[in-house]
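Here the structure is laid out as structure tokens; the discussion comes afterwards.
In what follows, chains carry the letters A, B, and so on, assigned in the order in which the sequence lines appear, proteins first and then strands, with residues in each chain numbered from 1. All values derive from a computational prediction rather than experimental measurement.
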Amino acid sequence: MIKRTEIGSILKGQVALDTPVTVMGWVRSFRNTQFVALNDGSSLGTLQVVVNPETTDAETLKRITVGASVCFEGQLVASQGKGQTVEVIANKVEIFGDCDPSVYPLQPKKHSLEFLREIAHLRPRTNTFGAVLRLRHNIAFAIHKFFNDKGFFYMHSPIITASDAEGAGEMFRVTTLDPKNPPLTEGGEVDFSKDFFGRAANLTVSGQLEGELAALALSKIYTFGPTFRAENSNTSRHLAEFWMIEPEVAFADLEDNMNLAEAMLKFCIQYCLDNCREDLDFLATRLVDEEKSKPQAERSEMGLIEKLEFVLAHPFERLNYTEAVDILVNSNHNKKGKFKFPIEWGTDLQSEHERYLVEKHFKKPVILINYPKHIKAFYMRQNDDGKTVAAMDILFPGIGEIVGGSQREERLDKLTERMAEMHIPQDEMYWFLDTRRFGSCPHAGYGLGFERLVQFISGMGNIRDVIPFPRYPGSAEF
RNA sequence: GGAUUUAUAGCUCAACGGUAGAGCAAUCGGCUGUUAACCGAUAGGUUGUAGGUUCGAGACCUACUGAAUCCGCCA
């Protein structure tokens, strides 16, 4: 068994001074052939290990290079230097893994995020990605904690699905058929009845429909799993493989849904402020440095921590789609003709319109509700006005849509009517419709893009930098 | 998928159409309580690829490839 003291616990002051410790980690810098900055990932900070260049053999000293994995045994003492309170005086050095600095891509300097994306297998060793990954873990944990504390059950929706009726996006096909020589039907089409599942199958684009099935038995459930969209999306906020949280609640309406989503988002932010302060402070500083190279007008008004605290301190603005359209139409921005796309009741809002509402007009998160029914999915509950559905989108500054949800249509006749209008095959969906046939009830739910939440809390601009190994068009390396 | 921008040393970036340079990293040496240590020296390039314009192209033009940003699709 390997015994070691984690660097994070030493830096937190959990280890008594003048006690012997064994620390293991990767060298971040080696100054003055004497001072090692050692990091083991347990925290952002590094531990200073002091080696004696006179009593340590020259060959070993040479092998202490940036990136090398090293074990030090020594004494934890108060530091003589200024930059740290404690340090380890090493009396034994063991190199676990050498790291040839002439070919190791990570240098003790600032690298661009684009470059680090090309070496995603090594980027967890950087301060930025270490911080993001620890933060990501804490947000995931906070989500489970939030729902568990509220009596929700974590439900595992399937990853492989044969229904493509939801229409949430292009799907990835799952097949074991030989692509060069697939079985064909008499009509010359690929015969998926010969495929593994006896029918065409895909990776899930949403666990919602299955989530509804569970919610109509357990009342309160959430899913948290990978989701796949085969869209040719090339933006800083889309991935082909991402993680989505989808709560579904029986005996709940749109307002309950909004309350739940707002509480959940705020809980996660508060949890990070309480538990990831060091990493958040680092990311905040990183952001300030990054923005120094931008023109004044493009810099954000608030620092990262300030922004998170601001979101916590104010209720999200809730308004109807119709009201939002009025605000946009009557805005000076519109009167001066500064919108590229016209605003008209009945069309989906463009990014620039959402940005204006969130970043200029309200300057805080916005929940837009009651959208025109023809721009939303078939399962959303139809409002009495006959024109709108009980949909809600939560828009965050810099990210755009972070949550999309609705009260679901629980009335069988209204649901099938809408499915017919939208040409959604009802026979394939018998299992979904059965929930409305047998003991239907009002219920609501939403989908939260996990990476978008990580983006918001970390302040990272590109979604590809908040997931360890991003998948997007043309890229599935590592 | 569309638009725009961009590609120069391992990394980050310079170079008016006129001999391709700096910082960091590397190599060698010095210093030794440092804080992405510091000081001196050395080495490092078919300027993304293929064409074209020009007396002369890293720079201008065309195509291709990759990247970034914005838009669309959404979470």
*Under 6.0 Å between ring centres, would you say that holds for A/F450 and A/F224?*
yes
_Phosphate OP1/OP2 of B/U34 contacted by A/R28 side-chain N/O (<4.0 Å)_ = no
*Do we get A/K307 above A/F456's six-membered ring, with its NZ or CZ under 6.0 Å from the centre and within 45° of the axis?*
yes
*Should B/U62 form a Watson-Crick or G-U wobble pair with both distances under 3.5 Å, which nucleotide is its partner?*
B/A50
_When you measure from the side-chain N and O atoms of A/R31 to the phosphate of B/U34, is any distance below 4.0 Å, counting only OP1 and OP2?_
no
_I want to verify a distance call: between B/A75, B/A68, B/G33, whose nearest atom is closest to the A/R464 side chain?_
B/A68
*Give one of base, sugar-phosphate or nothing for A/L239, where a contact means two heavy atoms less than 4.0 Å apart.*
base
*Opposite nucleotide pairing with B/A14, Watson-Crick or G-U, both atom distances under 3.5 Å*: none
*Under a 4.5 Å cut-off applied to non-hydrogen side-chain atoms, are A/T126 and A/L106 in contact?*
yes
_Phosphate contact (B/A68 OP1 or OP2) by A/R117 side-chain N/O below 4.0 Å_ = yes
*Walk me through it: do A/E170 and A/R229 pass the test salt bridge (charged side-chain N to carboxylate O under 4.0 Å, His left out)?*
CA-CA 6 Å; A/E170 290 295 311; A/R229 306 267 167 98; over 6 Å; no
*asked:* Distance check, C1' atoms only: B/C55 and B/G45, in whole angstrom units.
replied: 25 Å
_Looking at the base of B/G72, is there any donor atom on it, or on the side chain of A/E231, that sits under 3.5 Å from an acceptor on the other one?_
no
*Which value, in whole Å, describes the distance between the P atoms of nucleotides B/G23 and B/C38?*
12 Å
*When the C1' atoms of B/U46 and B/U4 are considered, how many whole Å apart are they?*
30 Å
*OP1 or OP2 of B/G72 under 4.0 Å from side-chain N/O of A/S351*: yes
_Side-chain N or O of A/S112 closer than 4.0 Å to phosphate OP1/OP2 of B/U12_ = yes
*Ignoring the backbone of A/H111, work out which of B/C11, B/U69, B/G33 is nearest its side chain.*
B/C11
*Hunt down the Watson-Crick or G-U wobble partner of B/A9, both distances under 3.5 Å, from any strand shown, or write none.*
none
*asked:* Suppose we define a pair by two distances each less than 3.5 Å, Watson-Crick or G-U wobble; what does B/G56 pair with here?
replied: none
_Taking any heavy-atom pair under 4.0 Å as a contact, classify A/E114: base, sugar-phosphate, or nothing._
sugar-phosphate
*asked:* Between B/A9 and B/A22, how many Å separate the two P atoms, rounded to a whole number?
replied: 14 Å
*Which nucleotide, in any strand shown, forms a Watson-Crick or G-U wobble pair with B/G1, with both distances under 3.5 Å?*
B/C71
*Name the nucleic acid region contacted by A/S79, choosing base, sugar-phosphate or nothing; use a 4.0 angstrom heavy-atom cut-off, strictly under.*
base
*Which part of the nucleic acid, if any, lies within reach of A/N234 when heavy atoms closer than 4.0 Å are counted: base, sugar-phosphate only, or nothing?*
base
*Do A/H443 and A/E212 have side-chain N/O donor and acceptor atoms under 3.5 Å apart?*
yes
*Write down the distance separating the P atoms in B/U27 and B/A37, rounded off to the nearest Å.*
15 Å
*Distance check: side-chain N/O of A/S29 vs OP1/OP2 of B/A37, anything under 4.0 Å?*
yes
*asked:* By the 4.0 Å heavy-atom rule, please label A/V403 as base, sugar-phosphate, or nothing.
replied: sugar-phosphate
*asked:* Using the side-chain heavy atoms of A/Q107, tell me which of these nucleotides is nearest: B/A36, B/A68, B/C11.
replied: B/C11
*Less than 3.5 Å between a donor and an acceptor, one on the side chain of A/E118 and one on the base of B/G66, is that the case here?*
no
*Atom C1', compared across B/U6 and B/C64: separation rounded to whole Å*: 15 Å
_Minimum-distance nucleotide (side-chain atoms of A/Q84 versus B/U34, B/C73, B/G33)_ = B/U34
*Name the closest nucleotide to the A/F242 side chain, picking from B/C73, B/A75, B/G23.*
B/A75
*Test for a donor-acceptor pair under 3.5 Å between the base of B/C74 and the side chain of A/S233, counting only N and O atoms.*
no
*A/E241 near the nucleic acid: base, sugar-phosphate alone, or nothing, with a heavy-atom cut-off under 4.0 Å?*
nothing
*asked:* Test of understanding: with side chain to side chain contact (heavy atoms under 4.5 Å, CB included), list the residues that count as partners of A/S331, not counting sequence neighbours.
replied: A/H333, A/N334, A/F339, A/Y356
*Return no unless some side-chain N or O of A/Q350 is found under 4.0 Å from OP1 or OP2 of B/G72.*
yes
*Using the C1' atoms only, state how far B/A59 lies from B/G48, rounded to an integer number of Å.*
15 Å
_Is the ring pair A/Y154/A/Y222 parallel, tilted or perpendicular, if the boundaries are 30 and 60 degrees?_
parallel
*Pick base, sugar-phosphate or nothing for A/G81, based on heavy-atom distances below 4.0 Å to the nucleic acid.*
base
*asked:* Using Watson-Crick or G-U wobble geometry with both distances under 3.5 Å, which nucleotide pairs with B/C31?
replied: none
*asked:* Using only modelled atom types and a 3.5 angstrom limit, is any donor from either the side chain of A/R355 or the base of B/C70 paired with an acceptor on the other?
replied: no
